[in-house]
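All of these numbers come straight from a predicted model, not from anything done at the bench. Remember, it's 1-based here, ligands and their atoms both numbered in the order they're listed. One is the number of the first residue; the rest follow in order along the sequence.
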Amino acid sequence: MTNYDTLDYDVLVIGAGGAGLRAAIESSAHGVSVGLICKSLLGKAHTVMAEGGVAAALSNVDERDNWKVHFTDTMRGGQYLNNWRMAELHAKEAPERVRELERWGALFDRTKDGKILQRNFGGHKYPRLAHVGDRTGLEMIRTLQDHGIHLGMQVHMEFTIITLLKDGDRVVGAFGYDRERGRFKVFRAKAVVLATGGVGRAYKISSNSWEYTGDGHALAYQAGADLIDMEFLQFHPTGMVWPPSVQGILVTEGVRGEGGILLNKEGHRFMFDDIPDLYRNQTADNEEEGWRYTQGDRQARRPPELLTRDHVARCIVREIKAGRGSPHGGVFLDISWIKEKIPNAADLIRKKLPSMYHQFIKLADIDITKEPMEVGPTTHYMMGGIKVDADTQMSTVPGLFAAGECAAGLHGANRLGGNSLSDLIVFGKRAGEHAAIFAKQNGYGTIDDEAIQSAVNQSVAAFERTEGDNPFQVQFDLQEMMQDLVGIVRTEEEMLQAQAALGRLRDRAARVRVIGNREYNSGWHTALDLQNLLTVSEAITLAALHRKESRGAHFRDDYPNKEAAYGAFNLVIRKESDGQMDIQQQAIQQIRPDLQQIIEEMK
Ligand SMILES: Cc1cc2nc3c(=O)[nH]c(=O)nc-3n(C[C@H](O)[C@H](O)[C@H](O)COP(=O)(O)OP(=O)(O)OC[C@H]3O[C@@H](n4cnc5c(N)ncnc54)[C@H](O)[C@@H]3O)c2cc1C
C-alpha cells in the first residue's frame, strides 16, 4: 500500500474561486468543520481575473430595474433553456449578496450620491453591473478571502483532487496530491462541494488560465453525476488577437459598455446590419441613440455592440470570413472615438478601464485612448456542467454539491456578462448551507482502500513507461483539434471527425510518458489534467452533435435555425455502467405561471 495522510472535514470544498470561498464561508457559519482546496495559491482563482462587474438589480443607477427585469433578461439571454427556478433565485438574491460583500469590506465604485455604481453590459436592459473599475473580481476574491479565513476553515493550497471517493451511491471524500511535493492525501468528508470553474483549456484560443481543465466536470461525471447543456460553450466576442503570445486574453465587455464600437476594415459599424428579432425592440436603430444609451439617457435603447455575446461573436466571425477583418484576423474595437463626444475622453478611459489601458500598452504597444484595438472571439465560459437542484445545489449524486462555473442550469444556452460573479455568490452560499445541513444529518462513510490504491496506480503509471507521448504535445493537439472542429461554427461532418480524433487522443493520453519525480513536475500535472480535458471535450462534442439546431452559443452551419422542438429539453450526459458516455434528452420542467407572466409582460 502507498503511504498517505487522511484528513477529516464535515464539508470539503474543492475550488477556492468566488463560488468555493462563498460556499466555505457559509458552511463554516453553520458551525461545521470545512476544508478548502485549490490548485494554485489562495486568491489566484479565475474569479480574480473578472473585470466588468457583478450583475445585481440594485437599481442604484436606474430605478426601473428590479429582480423581474433581471430574471427576464437572464431567461431571454439563455434562450429559455435556463433552469427558471435558478434564474428566479439568482435575480432575487443577487442584490443582497452584493450588499453583503460591501458589509464585509468590498469597495465598489460609487454614484455621485454614494451608492454602488452600476454599468451597462450586453443583454442587461438597465445599468446593472456593480464594479470596481475593470478589476471587480480582484475586489470580490480579496473580500471573500479576508472574511473567510477568520471563520476557521483549513486551506490546502497547490493541491489537486484527482478522484472523488464513494460509499455506495454517496460521495464520502476525495483523493489527490500536493503539487509541490507530489504526496498523496485522502480527505474524508460528510459532504463535498465542487467549485472548480471552467473548461477553457480544452481550446487553443482561450481567456482562461492554466487551471481550467474541466476537473470538476470530469470528477462529477466519473462519480456518476449528470452533466447538462455541455454543447453551450461561450466564445466571448472580444479577445486580443495580436501579438500571438497574448492571443485570447480577454478585452472586457465594459469597453463596449462605456461606448466602444466595433468596426470592420472598411470602417463600417457592422453590428447595425444584423439585429435579432428577439432584441429588436430593445436595440437602438441609429448610432446617436446607441451613444446616448451608454451615457445614461433613459429614453435611449442599447447599441447593437451590447447585444448578447453569442450574437456579437458570430457577427465578428462573419466579417472576418467575408474578408473584412483587421490585419491580424480580427475586427476593430474602438473606444478612442469618444473623444469626438467628450472633452476629457483619454482621462475617462484610463479611469474607467485601467486594466484594459495597461494591458494594451504593455502587451501590444497600443494606446487605446488614441487608436482602436484588434479583437476576435475567444473561448471564455462554460454554460454546461453539473446538474444541480436549484434550491440546494446538490447534484444527482447524494453528498455531492456544485456551484459556480462547474455547475449548470442558470445560464441556459448563453450567459449574460456579469451573471457569473452573481451566480458564484448566490449559489455558492446555497451550496455551502445545504452541504452543511447534509453533513449534520449524515456521518462519515467508509472509504475503500482498493479505490485509493487504484487511483494511486493510475496516477503514477506515466512515470513507469519507458516510451510514450509527451503530455504537453497531446494537450496541444487536443486544443488545436477542438478549436478547429468543435469551435464557434459547427457542422456534423467536422464533429464526427472530432469524435474520431478524440478516440486517437485518448489512446495517446493513455500512453503518455513523464520523466523525473513527483516533486513539482508540470509534465505529470498535465498528464493528469489531460484525462479531464478529454472527458469534457467528448461531452461537448457529443452534445453538440445531438443539438441539430442553432441556439445561443451553439451554432450549427448545417442547422442554422432555432427549432421550437429543441427548446423543450436539455441534453443530459452521464456515464453508463459499461463506462460509455450516454446522452439523453430531458424535458424542461413547465415554468411556473407567475414567472411566465413576468416574461410575457416584459416582452
Ligand atoms: C478574463 C476574465 C474576465 C471575466 N470577467 C467577468 C465579469 O466581469 N463578470 C462575470 O460575471 N464573470 C466574468 N468572468 C467569468 C468569471 O470570472 C468565472 O466564471 C468565475 O470566476 C468562475 O468562478 P468559480 O468560483 O466557479 O471558479 P474559479 O474562480 O474558476 O475557481 C476555481 C477553483 O477551483 C480550483 N480547482 C480546479 N480544479 C481543481 C482540482 N482538481 N483540485 C483542486 N482544486 C481545483 C482552482 O484552483 C480554483 O481555486 C470572467 C472570466 C475571465 C476569464
At less than 4.0 angstrom from any non-hydrogen atom of N419, what atoms of ligand 1 do you find?
11 (O)
Going by the atom numbers of ligand 1, which of them fall below 4.0 Å from some non-hydrogen atom of S207?
53 (C)
Would you indicate which of I425, I249, T196, L219 comes nearest to atom 37 (C) of ligand 1 when only heavy atoms are counted?
T196
Of S420, G248, G428, the residue with the heavy atom nearest atom 20 (C) of ligand 1 is S420
Would you indicate whether the side-chain heavy atoms of N419 and H90 approach each other to under 4.5 Å?
yes
Within 4.0 Å of some non-hydrogen atom of E51, the atoms of ligand 1 are 3 (C), 4 (C), 5 (N), 6 (C), 7 (C), 8 (O)
Do the ring centers of H131 and F121 come within less than 6.0 Å of each other?
no
Relative to the ring of Y4, is the ring of F175 parallel (under 30°), tilted (30 to 60°) or perpendicular (over 60°)?
perpendicular
Heavy atoms only, cut-off 4.0 Å: how does F159 contact ligand 1, side chain, backbone, both, or neither?
backbone
Where's the contact between H411 and ligand 1, heavy-atom distance under 4.0 Å: side chain, backbone, both or neither?
neither
Contact partition for L250 relative to ligand 1, non-hydrogen atoms under 4.0 Å:
side chain
With side chains defined as the heavy atoms from C-beta onward, is the minimum distance between Y9 and V34 less than 4.5 Å?
no
Contact with ligand 1 for A195, non-hydrogen, under 4.0 angstrom:
yes
Given that the side chain starts at C-beta and the backbone is N, CA, C, O, which of these parts of T160 lies under 4.0 Å from ligand 1, counting heavy atoms, or is it both or neither?
both
Partners meeting side chain to side chain contact (heavy atoms under 4.5 Å, CB included) with A553 (sequence neighbours left out):
M383
Which of the numbered atoms in ligand 1 are under 4.0 angstrom from any heavy atom belonging to A19?
25 (O)
K351: partners by side chain to side chain contact (heavy atoms under 4.5 Å, CB included), with sequence neighbours left out
none
Is there a heavy atom of H131 sitting under 4.0 angstrom from any atom of ligand 1?
no
Do the side chains of R256 and P237 get nearer than 4.5 Å, heavy atoms only?
yes
Per-atom contacts of ligand 1 with M49, taking only distances under 4.0 Å to non-hydrogen atoms:
1 (C), 2 (C), 3 (C)
Shortest protein contact, atom 35 (C) of ligand 1 (heavy atom only)
G15 CA, 3.5 Å
Here the atoms of ligand 1 under 4.0 Å from any heavy atom belonging to I37 are 43 (C), 44 (N)
Would you say E253 contacts ligand 1, with heavy atoms under 4.0 Å as the rule?
no
Taking the ring centre of each residue, are H236 and Y381 less than 6.0 Å apart?
no
Closest candidate by heavy atom, reference atom 4 (C) of ligand 1, pool A50, G197, A402
A50
For E26, is there any backbone N or O sitting under 3.5 Å from a side-chain donor or acceptor partner on H30?
yes
Atom 39 (C) of ligand 1: which of R415, K39, R135 has the nearest heavy atom?
K39
With a cutoff of 4.0 Å, is G418 in contact with ligand 1, counting heavy atoms of the residue only?
yes
Can you confirm if the NZ or CZ of R350 lies within 45° of the ring axis of Y357 and under 6.0 Å from the centre of its six-membered ring?
yes
Would you say I14 touches ligand 1, if touching means a heavy atom closer than 4.0 Å?
yes
Close side-chain approach of Y520 to R179, heavy-atom, < 4.5 Å:
yes
Using a 4.0 Å cut-off to any heavy atom of D215, which atoms of ligand 1 qualify?
38 (N), 39 (C), 40 (C), 41 (N)
Counting from 1 in the order shown, the ligand 1 atoms closer than 4.0 Å to a non-hydrogen atom of C38 are 44 (N), 47 (O), 49 (O)
Around atom 53 (C) of ligand 1, find the nearest protein heavy atom and jot down its residue, atom name and distance.
H46 NE2, 3.0 Å
